[in-house]
Amino acid sequence: DNDVNNCGGCGVVCNLPNATPTCSNRTCRVQTCNSGFANCDGLDPNGCEVETASNAMNCGGCGNSCTRPNSVGSCANGMCSFVCAAGFYDLNNDPMDGCEYACTFTSATDLPDLSFVDANCDGIDGELNNGIFVSASGVDTAVGSRAAPKRTLAAAVTAMVTGGKRDLYLSAGTY
């Protein structure tokens, strides 16, 4: 009834893959999984069937899927990593929403244009790193980035000259 070498009958050995077995009520069961393995399907006969260090559907543990929108996920050492699918970009650096921005890359040089085409797929029409941003809610001591815009046009123009920037991006507001 409870002997792993004679479980449910003479000579019936409990031998479960990647597991330390136990015999309970004449049935072989998983007692513990070997390190790096898990019994994700909860079925005892196939033992601990998942290697959690490399399984993209159970990365680091059962149910932890490396699947995100518009990306290809992989699992290494129990950690998910993602590569954006062609034509998609992760602008917000949040792996939970995958590669959220669809764009067709046409040129590394992206001059602002009246069609508002984002040729370099950085999230704006123009070049994110070649401009100074201004907002009515900005602060003139800020760096002038999209996340930390300047407050006044005078401070923005000074930052453009000293920083060698080409473009000025001005949000709606009163200046």
Side-chain angles (χ1 to χ4, degrees), residues 17-18 33-42 48-175:
N18 307 307
C33 290
N34 295 350
S35 179
F37 289 87
N39 185 11
C40 293
D41 65 6
C48 300
E49 78 285 357
V50 173
E51 185 178 3
T52 58
S54 61
N55 185 296
M57 297 308 291
N58 298 284
C59 188
C62 295
N64 186 25
S65 173
C66 296
T67 324
R68 301 292 186 269
N70 309 311
S71 68
V72 176
S74 62
C75 178
N77 299 318
M79 301 293 291
C80 289
S81 62
F82 307 93
V83 175
C84 290
F88 290 91
Y89 298 84
D90 181 15
L91 293 184
N92 64 3
N93 294 316
D94 180 0
M96 295 310 292
D97 65 2
C99 300
E100 76 286 350
Y101 185 61
C103 182
T104 301
F105 184 91
T106 57
S107 175
T109 302
D110 185 11
L111 299 173
D113 57 76
L114 295 178
S115 298
F116 302 105
V117 173
D118 183 6
N120 65 352
C121 297
D122 65 354
I124 67 168
D125 175 27
E127 295 168 4
L128 189 62
N129 295 324
N130 200 15
I132 296 293
F133 291 79
V134 184
S135 170
S137 62
V139 178
D140 280 343
T141 55
V143 296
S145 66
R146 185 159 64 178
K150 297 283 187 186
R151 166 73 175 97
T152 64
L153 291 173
V157 169
T158 300
M160 284 180 67
V161 171
T162 59
K165 304 291 183 175
R166 181 189 67 215
D167 304 319
L168 179 72
Y169 299 104
L170 182 67
S171 69
T174 303
Y175 296 91

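- Side-chain N or O atoms of N34 include none that pairs as donor or acceptor with a backbone N or O of F37 at under 3.5 Å.
- Atom-to-atom distance recorded for E51:CD and S35:OG is 10.0 Å, nearest 0.5 angstrom.
- Rounding to the nearest 0.5 Å gives a distance of 12.0 Å between CZ of F116 and CD1 of I124.
- Smallest separation of non-hydrogen atoms from K150 and I132: CG-CG2, 4.0 Å.
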Stepwise side chain to side chain contact (heavy atoms under 4.5 Å, CB included) check, Y89 with D118: CA-CA 12 Å; Y89 298 84; D118 183 6; over 6 Å; no
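- A disulfide is not assigned to C59 and C80, since their SG atoms are no nearer than 2.5 Å.
- In this model, no donor atom of one side chain and acceptor atom of the other lie less than 3.5 Å apart for T109 and S107.
- With rounding to the nearest 0.5 Å, the separation of CG in D90 from CE in M96 is 12.0 Å.
- In this structure, CZ in F88 is found 10.0 Å from OG in S71, a value given to the nearest 0.5 Å.
- The SG atoms of C84 and C99 sit under 2.5 Å apart.
- Within the 3.5 Å criterion, the main-chain N or O of E127 finds no donor-acceptor partner in the side chain of N120.
- Heavy-atom neighbours of D113 CG from other residues, nucleotides or ligands within 6.0 Å: above the threshold of 12.
- Note that OG1 of T52 is 10.0 Å distant from CG of N64, once rounded to the nearest 0.5 Å.
- For R151 (side chain) and A136 (main-chain N/O), a donor-acceptor pair under 3.5 Å exists by modelled atom type.
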message: Please determine whether side chain to side chain contact (heavy atoms under 4.5 Å, CB included) holds for the pair D110 and N130, giving the CA-CA distance in whole Å, both sets of side-chain angles, and the decisive distance to 0.1 Å.
response: CA-CA 10 Å; D110 185 11; N130 200 15; over 6 Å; no
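- Distance check for C103 and C121: the SG atoms are under the 2.5 Å cut-off.
- Heavy-atom minimum distance, G126 versus Y169: CA-OH, 3.2 Å.
- Closest heavy-atom contact between S135 and P149: CB-CG, 3.7 Å.
- At least one side-chain heavy atom of F133 sits under 4.5 Å from a side-chain heavy atom of L128.
- With 2.5 angstrom as the limit on SG-SG distance, C62 and C40 come in below it.
- Between N129 and K165 the shortest heavy-atom distance is O-NZ, 2.9 Å.
- Going from atom CG of D167 over to atom CE of M160 covers 6.5 Å, rounded to the nearest 0.5 Å.
- Pairing each heavy atom of L111 with each of D125, the nearest pair is O-OD1, 3.5 Å.
- Closest of all the heavy-atom pairs between E100 and G98 is OE1-O, 3.3 Å.
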task: Might you work through the side chain to side chain contact (heavy atoms under 4.5 Å, CB included) test for R68 and D97, ending with a clear yes or no?
output: CA-CA 6 Å; R68 301 292 186 269; D97 65 2; over 6 Å; no
